Protein chains: 4
Amino acid sequence: MPRGRKVDSDGEVTRQLLLEKAIEQFAEYGFHSTKISDIVNKAKVTQPTFYLYFESKEAIFLRITGSFQMQLIDIITACFLEENLEEHSLKLQINSNLKSIFTFFEKNPLLTKIGFVETDSARELKNSMVKQITENLKSGQRLGYYSDLYPMNLVAESLVGSIERLTLNEILTNKSRPIELAKVLVDIYFTGIQKK
Amino acid sequence: MPRGRKVDSDGEVTRQLLLEKAIEQFAEYGFHSTKISDIVNKAKVTQPTFYLYFESKEAIFLRITGSFQMQLIDIITACFLEENLEEHSLKLQINSNLKSIFTFFEKNPLLTKIGFVETDSARELKNSMVKQITENLKSGQRLGYYSDLYPMNLVAESLVGSIERLTLNEILTNKSRPIELAKVLVDIYFTGIQKK
Amino acid sequence: MPRGRKVDSDGEVTRQLLLEKAIEQFAEYGFHSTKISDIVNKAKVTQPTFYLYFESKEAIFLRITGSFQMQLIDIITACFLEENLEEHSLKLQINSNLKSIFTFFEKNPLLTKIGFVETDSARELKNSMVKQITENLKSGQRLGYYSDLYPMNLVAESLVGSIERLTLNEILTNKSRPIELAKVLVDIYFTGIQKK
Amino acid sequence: MPRGRKVDSDGEVTRQLLLEKAIEQFAEYGFHSTKISDIVNKAKVTQPTFYLYFESKEAIFLRITGSFQMQLIDIITACFLEENLEEHSLKLQINSNLKSIFTFFEKNPLLTKIGFVETDSARELKNSMVKQITENLKSGQRLGYYSDLYPMNLVAESLVGSIERLTLNEILTNKSRPIELAKVLVDIYFTGIQKK
DNA sequence: AATGAATGAGGGTTCATTCAT
DNA sequence: AATGAATGAACCCTCATTCAT
């Protein structure tokens with residue numbers, strides 16, 4: 001293949017293509033097993049072209065996970081922090097919050113796999129999610145909406161675990177929709193499954 | 001250094017030593033970032049010695065995860081399959097089941113990290129766990145102990161997610177004991193956190 | 001950014017700019033560690049622009065060292081070849097010659113570093129310098145001005161070595177001036193340092 | 001070629017072979033143009049074998065230059081520091097010192113090229129050489145052996161330049177022997193070339 | 001039973017250079 | 001006259017694995 005610029009080539013297009021292919025590879029094989037050569041082969045460019053747009057394998061990975069996680073943090077913050085805690089709407093509100101999280105995951109399945117499920121840096125993110133939910137639950141507890149018997153940090157941990165697994169096995173596999181999962185979770189965590 | 005058999009050396013001891021060090025490395029760094037050279041350095045033997053006892057890096061990893069996962073399957077099967085479903089003891093029974101699972105994890109923290117949390121092959125295991133729990137819950141539903149409104153496979157997924165996260169963040173960090181976690185989970189999933 | 005000719009741009013200006021920046025880089029980092037990208041970045045043009053004016057990295061390097069070395073050869077030839085060997089003025093003459101060489105170096109410090117100190121091609125130049133000085137010294141020897149005991153080629157080698165080192169460590173660092181160095185060298189080589 | 005140990009292979013032999021070939025390459029092509037692949041090809045081993053014995057290209061280079069320079073420093077220190085300054089033997093002593101330096105270079109021509117002529121780190125070494133010689137000359141000056149008119153640091157610089165050039169062009173090319181060069185230098189620097 | 005010595009197979013990255021606009 | 005975009009050709013280095021002792 002001759003050197004130099006291809007006809008009708010456009011840097012922004014190539015950059016996006018590389019990002020896209022990188023996302024696919026990272027989602028399927030993870031960071032270590034993804035090779036630069038795979039990414040560029042899929043994008044039909046050569047390896048030096050990769051380095052035209054991204055500093056390193058780590059850099060593109062951080063760019064991908066970073067921007068995804070920032071979006072996710074925004075959503076979570078909006079959900080669990082600025083909540084107006086009124087009893088009659090509480091359940092609805094939480095339902096809606098969970099739904100928006102699941103919906104975000106549903107819209108970005110590959111990024112979710114890379115940036116929420118499998119990355120080390122997702123650990124912090126989930127931990128901060130746990131913290132925010134814990135605070136939220138404690139507020140509800142103080143206001144008398146939730147039973148005093150529960151250690152809310154454990155409840156929050158449990159909920160985040162539920163969200164993670166349902167995301168991985170129901171959302172990312174297209175087996176369930178956000179609306180269903182949000183409802184189930186709210187029902188379980190609010191009233192339990194035992195027949196009254 | 002002279003070659004050949006060391007004085008007082010015993011093959012079985014070396015094999016166990018390698019297994020032990022491999023477990024430590026895999027638990028701390030994961031499969032990809034663990035190098036054979038790390039394992040043998042820690043065990044104070046040379047690389048060829050490793051291959052005297054294990055066919056490959058994959059082989060030792062499978063041996064480690066495999067035996068752990070077999071034990072875990074036994075425990076889970078015992079818990080959720082051979083259960084006698086009587087209403088008055090149901091909650092106690094499940095509580096006890098969860099406690100034994102968490103206890104198993106607490107006793108084997110490194111193996112749990114390798115074989116339950118971070119391995120791909122753990123996916124199947126957790127899936128089968130979900131299936132067994134689902135069946136169990138459906139039986140309870142048929143017998144009228146649980147509300148008919150819940151899709152039990154999702155409940156089971158949610159529960160497994162909760163277990164996983166609590167294991168990772170509470171058991172493996174020594175923050176909580178099995179008995180607490182079992183109680184919290186039973187309480188949540190049976191009756192919910194909403195104040196009555 | 002729009003492509004094509006910039007407003008007010010002038011090829012010759014760009015060529016000079018590239019030369020200048022290349023000289024800076026070559027002087028500071030040497031041939032191998034100087035990258036085309038460094039040169040063009042400093043000149044605020046792009047890489048293809050470089051190839052508009054110079055065929056290759058080697059080409060610009062040769063152009064730089066070549067023109068410098070040609071000037072230097074002229075000076076040296078003037079100094080040591082067309083010399084009129086009269087005893088009373090010999091020492092003065094040589095003093096003046098050395099001074100003009102050092103002055104040339106002082107005026108072109110970067111080029112001196114590139115083209116006299118660090119380049120392989122400077123070897124030939126210095127060798128021819130040695131030859132000319134040798135001939136000159138031999139003439140002086142034949143005319144009875146210098147002792148017959150000295151192998152003049154070695155004296156010439158020694159002198160060139162002295163010049164090189166004093167250039168590098170005194171002239172290029174601005175620690176000494178040409179006039180001092182010329183005097184010291186003439187004194188040493190003519191009469192030695194031993195107290196009479 | 002099959003993997004694993006070769007018949008009769010010996011690590012120490014291989015290490016020495018690699019060192020030897022590396023020295024040849026570095027001497028001929030310099031650090032940057034010497035490739036690991038060249039070294040290992042010449043030594044008839046593969047690239048990973050190189051890394052069995054040396055951490056990196058830089059490491060082997062430093063090892064080579066380092067040990068050479070340490071030996072050289074020892075020699076120089078012995079020569080110019082512990083000198084007993086008595087007038088009748090001064091000239092002989094310096095002659096002998098220069099001879100041992102040139103002899104050291106003659107015995108290690110490749111190392112000399114790498115570690116004395118072409119390396120950046122040789123700059124410091126030569127500078128310290130200049131310093132020691134300067135001190136030595138100043139002592140001689142104070143004792144009245146040398147003329148007060150000379151700035152001895154410049155004389156020392158000049159001498160080191162002479163040594164360097166004579167080493168490169170006479171010793172390393174086998175054109176002159178240490179004994180000749182030492183004599184010439186002593187004669188020049190002590191009494192000058194002018195006929196009395 | 002164990003070691004010393006070596007290699008196959010790649011993986012990430014850099015840099016001078018070139019084509020199309 | 002100048003740029004945006006791309007590539008060929010290396011180069012350094014790592015790691016699991018294997019042979020000879």
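First the proteins, then the strands, lettered A, B, ... as listed; each starts at 1. Quick caveat: nothing in here was measured; it's all calculated off a predicted structure.
- Distance, D/Asp10 CG to F/dC19 C1': 16 Å, rounded to whole Å.
- Per the geometry, CZ belonging to A/Phe54 stands 18 Å off C1' belonging to E/dT14, to the nearest Å.
- Not one side-chain nitrogen or oxygen of A/Lys6 sits closer than 4.0 Å to the OP1 or OP2 atom of F/dA5.
- The distance from atom CD of B/Gln16 to atom C1' of E/dA1 is 16 Å, rounded to the nearest whole Å.
- Here E/dG10 presents its C1' atom at 15 Å from NE2 of A/His32, a figure rounded to the nearest Å.
- Counting only heavy atoms from C-beta on, D/Asp8 has its side chain closest to F/dT21 among F/dT21, E/dG11, E/dC19.
- Side chain of B/Ser128 to backbone of B/Leu125: a donor-acceptor contact under 3.5 angstrom is found.
- Counting only heavy atoms from C-beta on, D/Arg5 has its side chain closest to F/dA20 among F/dA20, F/dT7, E/dT13.
- For C/Lys35, counting side-chain heavy atoms from C-beta on, the closest listed nucleotide (F/dA5, E/dA16, F/dA16) is E/dA16.
- For A/Pro48, whose side chain is taken as the heavy atoms from C-beta onward, the closest listed nucleotide among E/dT14, F/dT18, E/dT17 is E/dT14.
- Between the side chain of A/Arg3 and the base of F/dG8 there is no donor-acceptor pair of N/O atoms closer than 3.5 Å.
- A salt bridge links D/Arg123 with C/Glu118: the distance from a Lys NZ or Arg NE/NH1/NH2 to an Asp or Glu carboxylate oxygen falls below 4.0 Å.
- Between A/Ser9 and F/dG4, a side-chain N or O to OP1/OP2 separation shorter than 4.0 Å is absent.
- Pairing analysis of DNA chain F (Watson-Crick: purine N1 to pyrimidine N3 plus N6-O4 or O6-N4; G-U wobble: N1-O2 and O6-N3; both under 3.5 Å) yields stems of 3 or more pairs at E:2-21 with F:2-21.
- Within the 4.0 Å cut-off from OP1 or OP2 of E/dT7, at least one side-chain nitrogen or oxygen of D/Thr49 is found.
- Contact annotation: B/Thr14 side-chain N/O to E/dA2 OP1/OP2 distance is under 4.0 Å.
- Taking B/Glu164 as the reference, A/Arg165, B/Phe116, B/Lys126 meet the side chain to side chain contact (heavy atoms under 4.5 Å, CB included) condition, with sequence neighbours excluded.
- Ring geometry, B/His32 versus A/His32: the interplanar angle falls under 30°, so the pair is classed parallel (tilted spans 30 to 60°).
- D/Thr34 places no side-chain N or O within donor-acceptor distance of the main-chain N or O of D/Tyr29, the cut-off being under 3.5 Å.
- Residue B/Thr46 places its side chain closer to E/dT3 than to any other of F/dT3, E/dT3, E/dA16.
- Across the protein-nucleic acid pair, B/Leu18 atom CG and F/dT17 atom P stand 14 Å apart, rounded to whole Å.
- A straight line from CG of C/Asp38 to P of E/dT14 spans 13 Å, rounded to a whole angstrom.
- The 5' end of DNA chain E is approached more closely, in terms of each residue's nearest nucleotide, by D/Glu12 than by the other of C/Tyr51 and D/Glu12.
- One finds the CZ atom of D/Phe54 at 4.0 Å from the CD1 atom of D/Ile60 (value rounded to the nearest 0.5 Å).
- Comparing A/Lys44 and D/Lys57 along DNA chain F, the residue whose closest nucleotide (by nearest heavy atom) sits nearer the 5' end is A/Lys44.
- Minimum atom distance to the side chain of C/Leu52 is reached by F/dA1, of the listed F/dA1, F/dC13, F/dA5.
- Remark: the backbone N or O of B/Lys21 is not paired with any side-chain donor or acceptor of B/Lys42 at under 3.5 angstrom.
- Projected onto DNA chain E by closest heavy-atom contact, C/Glu58 and A/Phe31 fall at different nucleotides, the more 5' of which corresponds to A/Phe31.
- Atom C1' of nucleotide F/dG8 and atom CD1 of C/Ile36 are separated by 16 Å, given to the nearest angstrom.
- No donor-acceptor distance shorter than 3.5 angstrom exists from the side chain of D/Thr119 to the backbone of D/Ala122, with no hydrogens or angles considered.
- Nucleic acid contact class of B/Thr34 (heavy atoms, under 4.0 Å, all strands): sugar-phosphate only.
- Judged by distance alone, the side chains of A/Gln69 and A/Ser121 do bring a donor and an acceptor atom under 3.5 Å apart.
- In the set E/dA6, E/dT17, E/dA1, the nucleotide with an atom closest to the side chain of C/Gln47 is E/dT17.
- What separates CD1 of D/Ile60 from C1' of F/dC13 is a distance of 15 Å, to the nearest Å.
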